[in-house]
Amino acid sequence: EVQLLESGGGLVQPGGSLRLSCAASGFTFSRYAMSWVRQAPGRGLEWVSGISSSGVSTYYADSVKGQFTISRDNSKNTLYLQMNGLRAEDTAVYYCAKDWFTGSHSGLFDYWGQGTRVTVSS
Amino acid sequence: DIVMTQSPDSLPVSLGERATIYCKSSQSLLYSSNDKNYLAWYQQKPGQPPKLLIYWASTRESGVPDRFSGSGSGTDFTLTISSLQAEDVAVYYCQHFDRTPQTFGQGTKVEI
């Protein structure tokens, strides 16, 4: 059974940093691209960042480019999102999502974690 | 970026009745090289993450009931629930996945 378990969310002051993690199990993690998708309170879904199966290629939404860094450790079956310079508009539930296809990032997601909540407020 | 626009925003439907949700993309999602539309539909129930229902515009994901169907091509797409069940109450999102950034529609809330 595929499982994606996010952690690392919480309350942070504007300008602060957080590192989210997503522990994956139930599939061969190193074969699949992964992404982070966020959902602000009462709002829709926004793709944030993606990474290829090898970790060589990374992709970002314009809204977080230069601010967030996605990475992965295939030896630990874990996906990360380093978030710096956080702003109120980054407040959201952050979901880890598995790509449907193997290899490169496609943006079609067949499994999602339960999400971790990030609140940016003073 | 490709803009995805859904209609309506809210859709009240009686149990057993048909629900139809529309999605329009600002650019064609049809690739002539493989004749596939890079369009997916997701269902999100309250307090839960999204669930993939349909991809390639009309291919049902494994385990999805056959009352859910997708159609359309190019820029205009439709998700149909043929006979609404109580467990189908949710917000439904369309999404394109043909290029980065993959964008979602604003969502359609289906309620009884």
Side-chain angles (χ1 to χ4, degrees), chain A residues 1-6 9 20 22 24 27 32-52 57-65 68 70 79 92-117, chain B residues 1-10 21 23 25 27 29 31 33-34 36-64 70 77 90-110:
Chain A
E1 179 192 4
V2 172
Q3 290 195 343
L4 299 170
L5 184 61
E6 302 96 335
L20 306 184
C22 171
F27 66 103
Y32 291 89
M34 299 291 295
S35 281
W36 290 96
V37 178
R38 68 184 179 184
Q39 187 168 36
R43 304 294 296 273
L45 301 166
E46 180 189 16
W47 172 81
V48 171
S49 181
I51 187 168
S52 63
S57 299
T58 57
Y59 310 87
Y60 298 93
D62 285 345
S63 58
V64 304
K65 201 170 292 182
F68 290 3
I70 191 171
L79 175 72
V93 173
Y94 285 73
Y95 295 103
C96 164
K98 171 186 169 293
D99 218 275
W100 198 94
F101 301 97
T102 57
S104 56
H105 168 71
S106 76
L108 176 63
F109 308 120
D110 58 352
Y111 288 95
W112 299 61
Q114 289 297 314
T116 186
R117 187 174 302 274
Chain B
D1 298 355
I2 296 177
V3 177
M4 307 298 292
T5 305
Q6 291 181 229
S7 62
D9 290 336
S10 178
I21 300 169
C23 175
S25 60
Q27 300 178 35
L29 303 182
Y31 274 64
S33 59
N34 59 6
K36 290 185 182 296
N37 287 279
Y38 284 62
L39 187 282
W41 289 95
Y42 296 85
Q43 174 194 64
Q44 187 178 32
K45 297 181 180 180
Q48 295 186 21
K51 172 187 174 182
L52 177 63
L53 294 177
I54 286 170
Y55 57 98
W56 299 135
S58 61
T59 301
R60 212 177 293 117
E61 174 71 334
S62 176
V64 173
F77 302 92
V91 179
Y92 293 83
Y93 295 93
C94 63
Q95 178 220 20
H96 82 83
F97 57 98
D98 77 327
R99 72 190 72 171
T100 299
Q102 292 78 25
T103 51
F104 295 84
Q106 79 277 17
T108 295
K109 185 175 184 178
V110 173

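Chain A is the first sequence line, chain B the second, and so forth, proteins listed ahead of strands; every chain is numbered from 1.
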**Q.** Residue pair L108(A), L52(B): steps toward the side chain to side chain contact (heavy atoms under 4.5 Å, CB included) verdict
**A.** CA-CA 9 Å; L108(A) 176 63; L52(B) 177 63; 3.9 Å; yes
Q: I would like to know whether Y55(B) and W100(A) meet ring pair (Phe, Tyr, Trp, His ring centres under 6.0 Å); could you show each step before the answer?
A: CA-CA 10 Å; Y55(B) 57 98; W100(A) 198 94; 4.9 Å; yes
Q. Is a side-chain N or O of Q95(B) found less than 3.5 angstrom from the main chain of G107(A), in a donor-acceptor match?
A. yes
Q) Among S35(A), G113(A), A97(A), A61(A), who wins on heavy-atom pairs under 4.5 Å with chain B? A) G113(A)
Q. Heavy-atom count around R117(A) CZ within 6.0 Å, excluding the residue itself: above 12?
A. no
Q. What is the distance from atom CH2 of W47(A) to atom CZ of F97(B), rounded to the nearest 0.5 Å?
A. 15.0 Å
Q | Side-chain donor/acceptor of Y42(B) to backbone N/O of F109(A), under 3.5 Å | A | yes
Q) Of the non-hydrogen atoms in R43(A) and Y93(B), which two are nearest, and what is the gap between them? A) O-OH, 3.7 Å
**Q.** For Y95(A) against Q44(B), the heavy-atom pair lying closest together
**A.** OH-NE2, 3.3 Å
Q.
Is it the case that atom OH in Y111(A) sees more than 12 heavy atoms from other parts of the structure closer than 6.0 Å?
A. no
Q | Side chain / backbone / both / neither for T100(B) at chain A, heavy atoms under 4.5 Å | A | side chain
Q: Check the side chains of Q114(A) and Q48(B) for a donor-acceptor pair under 3.5 angstrom, ignoring hydrogens and angles.
A: no
**Q.** Smallest separation among heavy atoms of W112(A) and P50(B), with atom names
**A.** CD1-O, 3.3 Å
Q | Pairwise side-chain contact, D62(A) with P101(B), heavy-atom cut-off 4.5 Å (strictly under) | A | no
Q) Quick one: what part of V37(A) sits under 4.5 Å from any heavy atom of chain B, side chain, backbone, both or neither? A) side chain
